[in-house]
Undergrad: 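Following this message is one structure expressed as structure tokens.
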Amino acid sequence: MLKIYNTLTGKKEPFEPIAPKTVRMYVCGVTVYDYCHIGHARSALVFDVLRRYLEYSGYAVTFVKNFTDVDDKIIKRAHEQGVSCDAVTAKYIQAYHEDMGKLGIRTATEEPKATEHIADIIQLTERLVAKGLAYVVAGDVYFEVSKYPEYGRLSKRRLEDLQAGARVEVDERKHHAMDFALWKSSKPGEPTWESPWGPGRPGWHIECSAMSMKHLGETFDIHGGGMDLIFPHHENEIAQSCGVTGKEFARYWIHNGFVQINKEKMSKSLGNFFTIREIFEKSEWPENVTGEILRYFLLSTHYHGPLDFSDQALREAKNALNGFYDLFQRLDEPEEKATADNELRVMIEKCRLAFKTAMADDLNTPVAIAAFQALKGDVNRLLAHGLSTAARKVAREEFRSLGSTLGLFQLNKWKLGSTGMLSRAASKDTERQFGPSIGMLNQAANKPQSEQNVGFLNQPAEKDIVAHNAQPTIEDQALTDVEIERMLEERNNARRRKDFSRADVIRQSLAAHGIIIEDKPDGTTRWKR
RNA sequence: GGCGCCGUACCCAAGUGGUAAGGGAGCAGUCUGCAAAACUGCGAUGCAGCGGUUCGAACCCGCUCGGCGCCUCCA
């Protein structure tokens with residue numbers, strides 16, 4: 001049974017859905033006026049994993065995630081670029097799907113847009129006005145916070161504690177400084193819809209209430225989003241929704257922590273954010289590998305806490321993942337000995353139990369990953385004793401199926417691939433240039449921490465290198481599999497006649513192309529990019 | 001001014017009353033022509049500091065120091 005931390009109650013609680021075996025959840029998506037950064041990725045991933053886990057646990061999940069596609073920032077961006085708001089939102093919605101897709105984040109059951117729910121929003125606003133919870137001022141409609149006595153129960157604030165106008169001037173026409181707009185009369189050049197209060201557009205908070213109620217009903221199971229949405233966004237949603245229906249809105253409120261840079265929240269104003277596509281562009285590794293590294297990194301900390309993004313953190317995730325995929329490569333090799341086949345079952349059972357226990361405890365993904373690490377060690381030991389081809393397949397499948405809840409271990413090939421993309425001539429810094437391949441060959445690559453962060457944090461320099469990478473030189477062409485096999489054959493011939501210097505030359509030559517080799521006890525050699 | 005979070009080994013990170021998971025890096029050993037990988041071993045007598053409660057505290061309470069978030073749009 002899943003226990004989950006509920007912001008509303010401030011406690012970890014057993015999860016009980018309203019209707020048996022089904023879960024209805026709503027997560028606040030993004031405002032589509034720019035590319036998503038790694039913080040958006042974390043939020044999307046956390047709820048993607050929650051959804052996968054609920055499905056794994058046997059629930060039928062209806063998952064709704066919205067796009068806010070009408071908003072001040074969108075209007076501003078459209079004006080800046082001299083294009084329509086629709087053009088802006090369409091561009092960034094597509095980018096959202098591309099970026100999240102690379103991270104293996106599944107699309108939600110429903111992904112409603114605010115602009116497609118104007119009628120629902122107007123209707124909900126009318127009901128609030130009719131109930132006396134909202135008032136109209138010259139074409140604007142405001143929710144009257146003092147009419148909802150429980151205002152502040154999610155964010156644990158009292159109305160009196162909210163310092164009115166602390167940083168923003170209070171609109172004189174509002175009854176209370178915290179009253180918020182449900183409907184805004186539109187200025188010329190802004191998107192506009194007809195309404196009982198005149199032409200205008202919806203406020204931010206009301207759209208989520210309207211869309212969630214439409215797709216999930218007036219009361220549903222889970223409402224999620226980033227920590228920063230607790231106040232005022234989710235607080236306001238509760239006030240509107242509960243105010244209008246008189247029922248509870250969502251039962252479990254789940255919030256993920258921030259991604260930080262050097263212990264500070266990633267934000268546009270600080271200029272310390274990294275977009276998802278920027279990370280993929282700068283990555284030294286192929287796209288599918290980068291996606292999994294990012295996923296592993298984001299899940300290696302509990303979703304509720306803060307998470308510091310750095311180049312080094314990504315490298316550690318990559319190194320940890322290396323161990324798994326090295327094992328998977330061994331598991332793909334045939335073997336007749338079956339000495340340890342029976343023990344494998346026990347190890348797998350142990351892992352399953354540990355995985356389930358960890359995930360059921362407030363989605364403890366770091367502990368779940370630790371369970372995989374334990375199984376990795378176990379299987380490696382059993383492998384030394386002898387696991388049959390069939391048993392190896394079973395083990396690999398176990399990683400794949402259990403890992404699918406976290407979206408890990410799904411790749412067939414783990415290529416770190418120095419595919420010749422990196423131009424030697426353009427580099428003044430060999431270590432950075434060749435990244436993982438050189439790093440792994442040179443175990444001495446133990447630099448002071450100050451240098452380890454340069455990759456992603458030093459934007460200008462890195463951008464230069466990316467630019468150079470676009471023009472690979474001829475000598476950097478990747479080797480074909482056939483060529484590699486031929487070189488390995490020659491090397492093994494050399495080894496057999498004890499011509500080790502020749503063998504080492506070939507090994508170095510392969511290494512220069514990013515090929516890592518490993519001699520097996522039987523005299524053959526396995527390799528990887 | 002109000003509300004709240006965090007501080008665990010070189011780094012990352014679980015653990016929230018019963019005597020410190022896991023990973024990365026490092027060192028040593030086994031194996032290997034040498035590597036690589038894998039395996040084995042080493043590594044916090046201590047969880048920011050100081051008091052208190054308790055048979056027992058990293059976990060509860062108080063104070064102090066340090067870092068951060070929200071109260072405005074924000075995943």
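Proteins come first, then strands; the chains are lettered A, B, ... in the order of their sequence lines, and each starts at number 1.
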Undergrad: Applying side-chain hydrogen bond (donor to acceptor under 3.5 Å, both in side chains), can you list everything that pairs with A:Arg153, at least two apart in sequence or on another chain?
TA: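 Per chain and number, A:Arg153 pairs via side-chain hydrogen bond (donor to acceptor under 3.5 Å, both in side chains) with A:Tyr148, A:Glu248.
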
Undergrad: Output the residues of residues 102-110 of chain A in contact with RNA chain B, where contact means a heavy atom of the residue under 4.0 Å from an atom of the strand; sort by number or write none.
TA: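 Those residues whose heavy atoms fall under 4.0 Å from RNA chain B, taken from residues 102-110 of chain A, amount to none.
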
Undergrad: Holding to side-chain hydrogen bond (donor to acceptor under 3.5 Å, both in side chains), I want the full list of residues that pass it with A:His97, two or more places apart in sequence or in another chain.
TA: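 Checked A:His97 against side-chain hydrogen bond (donor to acceptor under 3.5 Å, both in side chains); matches are A:Glu111.
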
Undergrad: Return the OH to OG1 distance between A:Tyr53 and A:Thr405, rounded to the nearest 0.5 Å.
TA: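 Going from the OH atom of A:Tyr53 to the OG1 atom of A:Thr405 covers 9.0 Å.
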
Undergrad: Side chain of A:Phe258, heavy atoms from C-beta onward: which of B:G22, B:A75, B:A36 has the nearest atom to it?
TA: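 It is B:A75.
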
Undergrad: I need the NZ-P distance between A:Lys520 and B:A37, as an integer number of Å.
TA: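 After rounding, the gap between these two atoms is 17 Å.
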
Undergrad: Can you find a heavy atom in the side chain of A:Phe309 that is under 4.5 Å from one in the side chain of A:His37?
TA: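 A:Phe309 does not reach A:His37 side chain to side chain.
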
Undergrad: Using a 4.0 Å cut-off on heavy atoms, which residues in residues 494-504 of chain A reach RNA chain B? List them by number, or say none.
TA: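 A:Arg495, A:Phe500, A:Asp504 - these, ordered by number, are the residues of the stretch whose heavy atoms sit under 4.0 Å from the strand.
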
Undergrad: Just one of A:Asn66, A:Thr89, A:Ile93 clears the side chain to side chain contact (heavy atoms under 4.5 Å, CB included) bar with A:Lys113, so which one?
TA: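 Checked A:Asn66, A:Thr89, A:Ile93 against A:Lys113; only one passes side chain to side chain contact (heavy atoms under 4.5 Å, CB included): A:Ile93.
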
Undergrad: Can you confirm whether A:Gln94 is buried at CD, in the sense that more than 12 heavy atoms of other residues, nucleotides or ligands lie under 6.0 Å from that atom?
TA: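 No, not enclosed.
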
Undergrad: Of all the nucleotides listed (B:A25, B:A35, B:C11), which has the minimum atom distance to the side chain of A:Arg507?
TA: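 Of the candidates, B:A35 comes closest.
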
Undergrad: Does any residue of residues 225-237 of chain A have a heavy atom under 4.0 Å from RNA chain B, and if so, which ones, in number order?
TA: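 Of all residues in residues 225-237 of chain A, the ones placing a heavy atom under 4.0 Å from RNA chain B are A:Gly225, A:Gly226, A:Asp228, A:Leu229, A:Phe231, A:Pro232.
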
Undergrad: What's A:Gln373 touching, base or sugar-phosphate or nothing? Going by heavy atoms closer than 4.0 Å.
TA: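 It contacts sugar-phosphate atoms only.
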
Undergrad: Specify the separation, in whole Å, of atom NZ of A:Lys263 and atom C1' of B:A13.
TA: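 Between C1' of B:A13 and NZ of A:Lys263: 11 Å.
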
Undergrad: Do A:Asn493 and A:Arg502 meet the criterion of a side-chain donor-acceptor pair at a distance under 3.5 Å?
TA: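 A:Asn493 vs A:Arg502: no donor-acceptor pair found between side chains.
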
Undergrad: Using 30° and 60° as the class limits, which term best fits the ring planes of A:Phe409 and A:Phe324: parallel, tilted or perpendicular?
TA: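 Aromatic pair A:Phe409/A:Phe324 classed tilted.
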
Undergrad: Would you tell me whether A:Glu316 and A:Gln312 have side-chain atoms, one donor and one acceptor, within less than 3.5 Å of each other?
TA: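 Side-chain D/A pair, A:Glu316 to A:Gln312: present.
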
Undergrad: For a quick test of reading the model, state the closest non-hydrogen atom pair linking A:Leu159 to A:Ser146 and the distance between them.
TA: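 Scanning both residues, the minimum pair turns out to be CD2-CA, 4.3 Å.
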
Undergrad: Any chance the rings of A:Tyr92 and A:Tyr33 have centres within less than 6.0 Å?
TA: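 No, ring centres 6.0 Å or more apart.
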
Undergrad: Does one side chain, of A:His255 or A:Thr7, offer a donor that lies under 3.5 Å from an acceptor on the other?
TA: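 Their side chains do contain a donor-acceptor pair, which is all the 3.5 Å distance test asks for.
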
Undergrad: So if I take every side-chain heavy atom of A:Asp519 and compare against B:G33, B:G24, B:G69, which nucleotide ends up nearest?
TA: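 Of the options given, the side chain of A:Asp519 lies nearest B:G33.
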
Undergrad: Would you mind classifying the nucleic acid contact of A:Val46 as base, sugar-phosphate or nothing, using non-hydrogen atoms under 4.0 angstrom?
TA: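 The answer is nothing, as A:Val46 stays clear of every strand by at least 4.0 Å.
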
Undergrad: Pull out every protein N or O sitting under 3.5 Å from an N or O of nucleotides 39-43 of chain B, one pair per line with the distance.
TA:
residue, atom, partner, partner atom, Å
B:C39, OP1, A:Asn380, ND2, 3.3
B:C39, O3', A:Arg381, NH1, 3.2
B:U40, OP1, A:Arg381, NH1, 2.4
B:U40, OP2, A:Arg381, NH1, 3.3

Undergrad: What nucleic acid atoms does A:Phe372 come within less than 4.0 Å of, heavy atoms only: base, sugar-phosphate, or nothing?
TA: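 Contact class for A:Phe372: none.
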
Undergrad: Taking the six-membered ring where the residue is Trp, are the ring centres of A:Tyr96 and A:Tyr35 under 6.0 Å apart?
TA: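 Here the rings of A:Tyr35 and A:Tyr96 have centres that are no less than 6.0 Å from each other.
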
Undergrad: Who pairs with A:Asn492 by side-chain hydrogen bond (donor to acceptor under 3.5 Å, both in side chains), at least two apart in sequence or on another chain?
TA: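 By the side-chain hydrogen bond (donor to acceptor under 3.5 Å, both in side chains) rule, A:Asn492 matches A:Arg495, A:Thr525.
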
Undergrad: When you get a sec, tell me which of B:A37, B:A75, B:G24 is the closest nucleotide to the side chain of A:Thr31?
TA: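 In terms of side-chain proximity for A:Thr31, the closest of B:A37, B:A75, B:G24 is B:A75.
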
Undergrad: In terms of side-chain geometry, is the basic nitrogen of A:Lys73 or A:Asp34 positioned less than 4.0 Å from the acidic oxygen of its partner?
TA: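 Salt bridge absent between A:Lys73 and A:Asp34.
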
Undergrad: Just call it for A:Ala384: base, sugar-phosphate, or nothing, with non-hydrogen atoms closer than 4.0 Å on any strand.
TA: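 A:Ala384: no heavy atom of the nucleic acid under 4.0 Å.
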
Undergrad: Determine, step by step, whether A:Asp481 and A:Arg529 satisfy the salt bridge (Lys or Arg N to Asp or Glu O under 4.0 Å) criterion, reporting the C-alpha distance in whole Å, the side-chain angles of both residues, the deciding distance to 0.1 Å, and the verdict.
TA: CA-CA 10 Å; A:Asp481 288 10; A:Arg529 290 185 203 276; 2.5 Å; yes

Undergrad: Looking at every strand, decide which applies to A:Lys156 at a 4.0 Å heavy-atom threshold: base, sugar-phosphate, or nothing.
TA: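 Result for A:Lys156 = sugar-phosphate.
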
Undergrad: From B:C12, B:A21, B:G2, pick the nucleotide closest to the side chain of A:Val367?
TA: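 The answer is B:A21, which lies nearest to the side chain.
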
Undergrad: Represent RNA chain B in dot-bracket notation, 5' to 3'. Only Watson-Crick or G-U wobble pairs with both distances under 3.5 Å count; pseudoknot-style crossings use [ ] and interstrand partners use |.
TA: ((((((((.[[[..)..(...]]].(((((.......))))).....[[[[[..)....]]]]])))))))....

Undergrad: State which residues pass side chain to side chain contact (heavy atoms under 4.5 Å, CB included) with A:Ser186; sequence neighbours excluded, sorted by chain then number.
TA: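 A:Ser186 satisfies side chain to side chain contact (heavy atoms under 4.5 Å, CB included) with A:Glu190, A:Thr192, A:Pro199 only.
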
Undergrad: Which ones in residues 297-306 of chain A lie close to RNA chain B, meaning a heavy atom under 4.0 Å from one of its atoms?
TA: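 Going residue by residue through residues 297-306 of chain A, the ones with a heavy atom under 4.0 Å of RNA chain B turn out to be A:Ser300, A:Thr301, A:His302.
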
Undergrad: Which pairs would a plain distance check flag for residues 504-511 of chain A, meaning a side-chain donor or acceptor within less than 3.5 Å of a matching protein atom at least two apart in sequence or in another chain?
TA:
residue, atom, partner, partner atom, Å
A:Asp504, OD1, A:Arg507, NH2, 3.2

Undergrad: According to side-chain hydrogen bond (donor to acceptor under 3.5 Å, both in side chains), who are the partners of A:Ser267, at least two apart in sequence or on a separate chain?
TA: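 side-chain hydrogen bond (donor to acceptor under 3.5 Å, both in side chains) list for A:Ser267, sorted by chain: A:Ser269.
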
